[in-house]
Amino acid sequence: MPADPVKSLAAALAASAGAELELERPGEVEYGDYATNVALQLAGARRRPPREIAAEIAEAAAALDMVERADVAGPGFVNLYLRDDWFASALGEILEEGDAYGGRGAERAERVQVEMVSANPTGPILVSHARNGAYGDSVARLFELAGHSVAREYYYNDSGGQMDRFRASVEAVRRGEEPPEDGYQGAYVRDLAALKGDPVPLMLKEMEGTLERFRIHFDTWRRQSELEDRLPELLPRLDTYEKEGALWARSSAYGDEEDRVLLRSGDGSPTYRAADVPYLVDKLERGFDRAIYVLGADHHGTRNWYAAVARMLGYDPDRIEVLIYQPVHLTRGGEQTKMSKRRGDVVFLDEFMDEIGVDAARWYLVNRGPDQAIDIDVDLAAERSQKNPVYYVQYAHARIAGILRNAPDNADNSLLLAGPDPRRRRLSPLLPRAPRARERAGGIQARPLPRNASGDRTLPRPCRRRGT
RNA sequence: GCGCCCGUAGCUCAGUGGACAGAGCGGCGGACUUCUAAUCCGCGGGUCGGAGGUUCGAAUCCUCCCGGGCGCACCA
């Protein structure tokens with residue numbers, strides 16, 4: 001049973017109020033340690049003035065031994081002032097739990113896979129990819145905290161048009177020529193040309209190093225071409241048809257916006273979408289209860305495709321979850337930097353970490369919600385001054401570390417509340433709030449889904465909100 | 001045209017139904033005049049893009065409109 005003192009308090013109150021209720025922390029100190037608006041919510045249903053209901057709840061609350069005082073305020077809020085010894089025992093529970101405090105809320109531990117970054121090995125990891133990783137890895141950590149087991153996977157393409165252009169660019173330099181016009185021009189192409197062998201594994205090795213430095217460790221790396229080998233056995237299980245010489249998946253009948261080409265009309269070679277099919281089967285057959293895709297907003301058009309494939313193959317589409325995040329824009333010297341990998345005109349994650357450090361880099365990328373486009377002023381981010389918000393975070397961390405360093409092991413919890421400084425007392429109600437903060441953070445962003453032809457919203461449900 | 005995301009203070013953004021809408025930076029006014037300090041204190045600042053609607057109560061939910069980003073490939 002996870003320690004959640006506030007929940008127990010809410011439950012005790014709910015019993016006396018005769019209704020479920022949530023405790024919130026009021027914005028103002030004088031409104032007490034916690035407050036509830038149940039009376040306001042109940043007023044309509046019970047056809048009684050909210051303040052009257054609030055008065056009854058307050059009276060019942062005041063009878064509880066942890067409650068010092070309960071007031072009715074405003075239109076019908078109940079403000080609670082709690083006894084210091086309640087906080088002392090709450091703090092005791094928190095200390096007992098240690099790092100696990102607030103975690104392990106999952107009703108059933110699941111095996112979840114988070115597939116993230118998955119940038120093709122045609123160049124170093126960029127800051128834009130790093131947002132994918134920072135987001136995905138944070139979600140993964142939240143799942144772990146909740147008691148699930150998480151595997152982080154990287155999926156990359158090692159064949160196809162982009163890869164051909166990439167290899168051709170390296171080969172050209174090796175022959176002493178310039179890379180082709182539509183090839184990759186960055187300086188790293190020259191570095192790779194100086195080495196022997198297929199540049200793809202070399203590139204991947206470097207990318208892995210960058211990601212490790214960014215503190216993301218991938219458990220597995222999945223190659224597109226090996227997945228494609230399973231295509232022949234899987235294609236007959238799909239709902240497909242031929243049109244204009246190509247093989248199409250009838251995905252629009254399964255919640256997708258449109259049908260997708262699986263095999264090209266020319267040489268019958270598989271498209272990138274085709275490889276998604278064996279990959280999805282692979283994920284689900286490997287025993288993951290849940291497969292999470294982390295995709296940039298430029299891929300949101302394919303959001304419903306994955307669930308459509310799952311349906312076609314008879315899997316529960318709720319096992320697929322697609323997380324979308326908005327792009328990152330970088331400015332440097334007041335100018336927006338371009339993000340074209342082919343032209344080599346980009347900010348690499350390694351440079352970014354060199355300039356601002358790993359902590360600051362992760363912090364910047366995860367500090368905004370996924371729905372928010374991020375603008376990062378690289379000059380400001382690298383600046384060691386009070387203009388740079390990251391130093392506030394670091395300073396707070398340093399101060400906390402200092403407190404822990406100086407704190408005796410056998411500290412008396414009650415002293416946290418008793419000291420002469422009233423600010424301690426004001427801080428205390430924050431601590432038991434942590435489980436709720438984590439619950440909120442663990443809920444995956446849901447998004448309204450497009451209606452299908454019949455105006456029904458229920459069929460495609462690849463994304464949904466869920467607690468952990 | 002259709003779909004998704006966004007539009008809150010000069011700037012970057014918190015705030016997904018409640019008690020007077022917040023923070024950092026910048027700005028303005030003071031203090032300190034300092035041997036590698038995140039210098040300190042104070043102040044001003046918003047029709048919450050617009051219009052309707054739901055509600056006892058809306059920045060928050062619904063509808064429409066305006067503005068910005070992204071997508072709608074036999075590219076990945």
Side-chain angles (χ1 to χ4, degrees), chain A residues 22 24 26-28 30-32 35-41 43-44 47 49-51 72-79 118-122 155-166 182 224 242-249 256-276 295-305 322 324-327 329 331 341-342 364 367-377 380-381 383-396 398-399 440 443 445-452 460 463 465:
Chain A
E22 292 275 324
E24 59 186 57
E28 297 294 325
E30 58 261 34
Y31 294 148
T36 178
N37 62 354
V38 250
L40 277 319
Q41 290 168 339
R47 297 175 169 283
R51 283 191 63 102
V72 177
F77 292 98
V78 179
N79 294 336
S118 297
N120 280 336
T122 55
Y155 172 62
Y156 65 95
N157 193 355
D158 56 337
S159 59
Q162 295 296 331
M163 300 312 301
D164 293 344
R165 265 191 286 280
F166 172 65
D182 63 347
Q224 182 177 324
E242 275 186 51
K243 193 178 83 179
E244 291 157 15
L247 186 73
W248 294 69
D256 197 1
E257 285 81 13
E258 58 192 348
D259 292 346
R260 313 271 178 181
V261 173
L262 296 172
L263 300 180
R264 295 188 179 90
S265 56
D267 54 0
S269 63
T271 61
Y272 183 80
R273 292 276 76 88
D276 289 334
L295 301 177
D298 54 339
H299 289 87
H300 80 258
T302 60
R303 208 179 47 192
N304 293 326
W305 158 248
V322 179
I324 301 288
Y325 62 93
Q326 298 298 315
H329 305 288
T331 55
K341 193 157 40 167
R342 285 227 290 271
Y364 264 107
N367 181 37
R368 302 260 177 274
D371 285 342
Q372 202 67 241
I374 302 182
D375 289 300
I376 299 179
D377 182 334
L380 174 63
E383 200 173 302
R384 299 191 69 84
S385 78
Q386 63 165 334
K387 282 188 196 168
N388 186 350
V390 85
Y391 291 107
Y392 288 86
V393 179
Q394 289 186 349
Y395 183 62
R399 289 294 299 271
R440 273 187 67 185
Q445 203 91 10
R447 216 156 268 102
L449 289 155
R451 293 169 202 278
N452 61 22
C463 308
R465 190 174 196 95

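Chain letters run A, B, ... following the sequence lines, proteins first, then strands; residues in each count from 1. Quick note: numbers below take in every heavy atom, side chains included, and nothing from hydrogens, waters or symmetry partners.
Considering only the side chain of D298(A), G71(B) comes nearest among C74(B), G71(B), A19(B). If you check A76(B), U12(B), C74(B) against the side chain of R273(A), the one that comes closest is A76(B). In this structure, of U12(B), A76(B), C74(B), it is U12(B) that holds the atom nearest to the side chain of R368(A). The nucleotide whose nearest atom lies closest to any side-chain atom of W248(A) is, among G18(B), U12(B), C74(B), C74(B). Comparing G18(B), A76(B), C4(B) by their nearest atom to the side chain of R303(A) picks out C4(B).
Only the P atoms considered, C62(B) is 34 Å distant from C74(B), to the nearest whole Å. Comparing the same atom, P, in G22(B) and in G29(B) gives a spacing of 26 Å after rounding to whole Å. Nucleotides C11(B) and U47(B) have their P atoms positioned 13 Å apart, rounded to a whole Å. Comparing the P positions of U16(B) and G49(B) gives an interatomic distance of 15 Å, to the nearest angstrom. Taking atom C1' on both G18(B) and U60(B), the two are 11 Å apart, rounded to the nearest angstrom. With C1' as the reference atom, G69(B) and A31(B) are 46 Å apart, rounded to whole Å. Rounded to whole Å, the C1' atom of U8(B) lies 7 Å from the corresponding atom of A59(B). Of the C1' atoms belonging to G45(B) and A21(B), the separation is 13 Å, rounded to the nearest Å.
In this structure, CD of Q372(A) is placed 15 Å from C1' of C4(B), rounded to the nearest angstrom. The CG-P distance, from L262(A) to C75(B), rounds to 12 Å in whole Å. The separation between D164(A) atom CG and C75(B) atom C1' is 12 Å, rounded to whole Å. When the P atom of G3(B) is taken as reference, atom CG of L295(A) falls 21 Å away, rounded to whole Å. Taking atom CG of residue L247(A) and atom C1' of nucleotide A73(B), one finds them 17 Å apart after rounding to whole Å. The distance between atom NE2 of H329(A) and atom P of C5(B), rounded to the nearest whole Å, is 17 Å. Rounding to whole angstrom units, OH of residue Y364(A) and C1' of G24(B) are separated by 11 Å. Between the CZ atom of R51(A) and the C1' atom of C56(B) there is a distance of 14 Å, rounded to whole Å.
For the pair L295(A) and H300(A), the minimum side-chain heavy-atom distance is 4.5 Å or more.
Applying the 3.5 Å distance criterion, the base of C74(B) shares a donor-acceptor pair with the side chain of S265(A). No hydrogens or angles were tested; on distance alone, a donor-acceptor pair under 3.5 Å links the side chain of H300(A) to the base of G3(B). No N or O donor and acceptor, one from the side chain of N367(A) and one from the base of A14(B), sit under 3.5 Å apart.
RNA chain B is contacted by both R264(A) and P75(A); P75(A) maps to the nucleotide lying nearer its 5′ end (nearest heavy atom per residue). Each of Y272(A) and A373(A) lies near RNA chain B, and the nucleotide nearest A373(A) is the one positioned closer to the 5' end.
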Working for side-chain contact (heavy atoms from CB on, under 4.5 Å), residues R260(A) and T271(A) | CA-CA 9 Å; R260(A) 313 271 178 181; T271(A) 61; over 6 Å; no
Taking it one step at a time, do I374(A) and Q326(A) satisfy side-chain contact (heavy atoms from CB on, under 4.5 Å)?
-> CA-CA 7 Å; I374(A) 302 182; Q326(A) 298 298 315; over 6 Å; no
Given the rule in the side-chain contact (heavy atoms from CB on, under 4.5 Å) test, do I324(A) and R303(A) qualify, once you have shown the distances and angles that lead to the verdict?
-> CA-CA 9 Å; I324(A) 301 288; R303(A) 208 179 47 192; 4.1 Å; yes
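Checking C48(B) for Watson-Crick or G-U wobble geometry (two distances, each under 3.5 Å) identifies no partner in any strand. Partner assigned to G18(B) is C56(B), using Watson-Crick or G-U wobble distances below 3.5 angstrom. The base-pairing partner of G24(B), taking Watson-Crick or G-U wobble contacts with both distances under 3.5 Å, is C11(B). Pairing partner, G67(B): C6(B), with both Watson-Crick or wobble hydrogen-bond distances short of 3.5 Å. G29(B) is paired with C41(B) under the Watson-Crick or G-U wobble criterion, all donor-acceptor distances under 3.5 Å.
A donor-acceptor contact closer than 3.5 angstrom links the side chains of D267(A) and S269(A).
Note that the CZ atom of R273(A) and the CH2 atom of W248(A) stand 13.0 Å from one another [nearest 0.5 Å].
Of all the heavy atoms in M163(A) and T122(A), the pair that sits closest is SD-CG2, 3.6 Å.
Residue E258(A) is classed as a sugar-phosphate contact, given heavy-atom separations below 4.0 Å to backbone atoms only. Counting non-hydrogen atoms under 4.0 angstrom, A297(A) reaches the backbone sugars and phosphates but no base.
The aromatic ring of F77(A) is stacked on the base of A19(B), with the two ring centres less than 5.5 Å apart and the planes inclined by under 30°.
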